[in-house]
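Chain naming here is simple, since letters A, B, ... match the order of the sequence lines and numbering starts at 1 in each.
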2 protein chains.
Amino acid sequence: MVSSPLDVLVRKLESIGPLSKDEQKAIYALPLSIRSVPEHQDVVHDGDRPTQSCVVLEGFLCRYKQLPDGTRQIHSIHVPGDMPDLQSLHLNVMDHGLATLTASKVAFIPHAALRKLMSEQPRVSDALWRDILVDAAIFREWIVNVGAREAYARLAHLLCELFLKLRAVGLSQDFTFQLPITQAELADATGLSTVHVNRSVMHLRSAGLITWERGECKIENWDELKRVAMFDPTYLHLNGEAKAA
Amino acid sequence: MVSSPLDVLVRKLESIGPLSKDEQKAIYALPLSIRSVPEHQDVVHDGDRPTQSCVVLEGFLCRYKQLPDGTRQIHSIHVPGDMPDLQSLHLNVMDHGLATLTASKVAFIPHAALRKLMSEQPRVSDALWRDILVDAAIFREWIVNVGAREAYARLAHLLCELFLKLRAVGLSQDFTFQLPITQAELADATGLSTVHVNRSVMHLRSAGLITWERGECKIENWDELKRVAMFDPTYLHLNGEAKAA
DNA sequence: CAGGGGCTATAACAAATGTTATGACAGCGG
DNA sequence: CCGCTGTCATAACATTTGTTATAGCCCCTG
């Protein structure tokens with residue numbers, strides 16, 4: 001059993017499609033530069049032209065846009081195993097920022113090395129493209145979330161998604177997972193005010209659907225949470241075992 | 001000067017990156033089956049496993065999800081030149097529907113032919129991937145739109161985007177373009193009620209920013225429309241001439 | 001040419017969500 | 001150990017947006 005910083009990336013990619021031992025080895029062979037980043041700090045700035053992409057090893061990151069009127073909208077939350085700026089391989093200017101939500105550990109891989117890997121290992125290339133497409137599928141679902149669900153369901157849905165993403169890379173047992181982010185950040189992700197996020201979290205608690213204390217969240221009633229969230233996991237395109245609930 | 005049904009696709013791809021004559025020829029050589037589809041009809045159903053992808057030749061299409069409570073959220077609007085289900089090449093199950101907004105003409109291309117094209121013409125492959133990534137960038141902006149902009153700005157933003165997309169494929173002159181869709185459809189796209197869409201459209205008119213009669217929309221004050229929309233076209237990743245305003 | 005259906009426009013009212021303010025509490029740094 | 005700062009919780013109130021209802025209009029079809 002190897003142990004590499006990129007184990008979590010391999011686990012993530014395998015949650016959406018299988019990889020052979022050779023393909024895994026090729027991923028482990030990627031040149032890395034690993035950086036620890038404090039909380040609330042940009043990893044990639046809006047407007048940058050990156051020459052490398054990153055893998056989340058530990059912690060939570062988000063992608064966001066800041067509007068001229070000061071509001072910030074988070075449009076994705078990233079957990080270990082994610083590659084949040086893979087698109088910069090083909091779109092050279094960043095149209096949004098990438099920042100840490102919590103203190104994180106991030107691995108950077110030069111674009112050149114990724115391109116080489118993708119040309120030598122077509123199935124790894126497919127897996128990475130698939131990852132980008134799932135990323136886009138999650139964006140679509142977020143549009144539905146902020147556009148069509150009321151506040152209570154919106155939060156419930158976000159929790160359902162985070163739970164499955166974390167469980168797919170082995171970061172959740174017994175419906176419990178780390179959720180070390182603030183209600184203000186949830187507000188930026190759901191397009192709600194912090195006050196209303198608080199109201200809705202209180203409501204989820206009093207309905208017995210979740211507990212959430214000191215950064216640890218537990219889903220107490222998964223079926224009911226899914227129901228109120230109108231959650232259908234198809235869009236995550238997880239393979240059989242990662243999707244089983 | 002050739003004239004092919006796929007001219008509009010070539011124009012679209014060239015609006016985000018150049019193609020050589022040979023590459024264009026390879027695209028024109030794709031096997032097509034062209035279908036006219038009446039308005040308000042599914043082209044691909046949620047849950048389908050398509051074996052072909054389509055190109056919009058004429059008309060307006062949208063991708064959408066229908067929630068259990070009956071609300072429909074549109075998460076993209078597609079115009080001629082777009083390939084709205086290109087992702088089905090790599091994600092085999094549709095997690096959303098694709099439907100016409102207006103009577104449309106659509107060309108279907110078998111996945112096998114697309115895969116062959118992409119393996120033989122790496123730069124066309126890059127262009128198609130780039131198209132998918134721009135698609136994802138538009139999703140991100142839509143999350144911002146429904147999550148962070150008030151109704152008035154939200155509509156303004158949607159009009160800015162449609163205008164630039166249409167102009168990039170030659171379907172707009174003098175800030176005028178066909179907008180043959182209903183306010184109810186705009187409501188589904190912006191996460192607003194039809195009544196509030198109407199209020200906001202009235203407001204845009206009375207502010208002198210647009211006129212919109214019998215399916216023809218004209219932007220009367222582009223700078224001001226962009227300003228109230230907080231519109232920044234970077235996310236469309238258009239090349240120089242397509243982006244000039 | 002008449003009738004009907006869908007779309008637009010508008011009003012009155014209801015509900016969801018935002019804003020501002022404040023207190024309690026926990027964690028951290030001096 | 002104290003005080004600061006950030007976060008959570010909650011209240012009172014403001015605003016935006018949704019809902020229901022209705023009327024007019026345009027366009028299509030018979």
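No donor-acceptor contact under 3.5 angstrom links the side chains of B:H96 and B:Q66, judged on distance only. Between A:Q183 and A:H196, the side chains place no donor N or O within less than 3.5 Å of an acceptor N or O (distance only, hydrogens not considered). A donor-acceptor contact closer than 3.5 angstrom is absent between the side chains of A:R63 and A:Q73.
Note on A:N198: every side-chain N or O is 4.0 Å or more away from OP1 and OP2 of D:dC8. For A:R214, no side-chain nitrogen or oxygen approaches OP1 or OP2 of C:dC25 to under 4.0 Å. Using a 4.0 Å cut-off, some side-chain N or O of A:Q183 falls inside it from OP1 or OP2 of D:dA9. Contact annotation: A:R199 does not reach the phosphate of D:dC8 (side-chain N/O to OP1 or OP2, under 4.0 Å).
In this structure, A:F139 has its ring center no closer than 6.0 Å to that of B:W142.
Atom CZ in A:R154 sits roughly 12 Å away from atom P in D:dT17 (whole-Å rounding). Atom CG of A:L155 is separated from atom P of C:dA16 by 16 Å (rounded to the nearest Å). Taking atom CG of residue A:L101 and atom P of nucleotide D:dT7, one finds them 12 Å apart after rounding to whole Å. B:E213 places its CD atom 15 Å from the P atom of D:dC25, with the value rounded to the nearest Å. When the C1' atom of D:dT17 is taken as reference, atom CD of A:E150 falls 14 Å away, rounded to whole Å. For the pair B:I181 CD1 and C:dC7 C1', the interatomic distance rounds to 13 Å; values are reported in whole Å. Rounded to a whole Å, the NE2 atom of B:H40 is 11 Å from the P atom of C:dG6. Rounded to whole Å, atom C1' of C:dG6 lies 12 Å from atom CD of B:E185.
With DNA chain C read from its 5' end, the first of the two nearest nucleotides for B:A184 and A:Y152 is the one closest to B:A184.
Note on A:R205: only backbone sugar-phosphate atoms sit closer than 4.0 angstrom, heavy atoms only; bases stay farther off. When heavy atoms are screened at a 4.0 angstrom cut-off, A:T182 is found touching the sugar-phosphate backbone but no base atom. No contact: A:G215 has no heavy atom under 4.0 Å from any strand.
Between B:Y152 and B:H203, the ring-plane angle classifies as parallel under the 30° and 60° cut-offs.
Among D:dT19, C:dT10, D:dT7, the nucleotide with an atom closest to any side-chain atom of B:M202 is C:dT10. If you check C:dG18, D:dT17, C:dT10 against the side chain of A:H196, the one that comes closest is C:dG18. Here D:dT17 is the nucleotide among C:dA21, D:dT17, C:dT8 with the atom lying nearest to any side-chain atom of B:A151.
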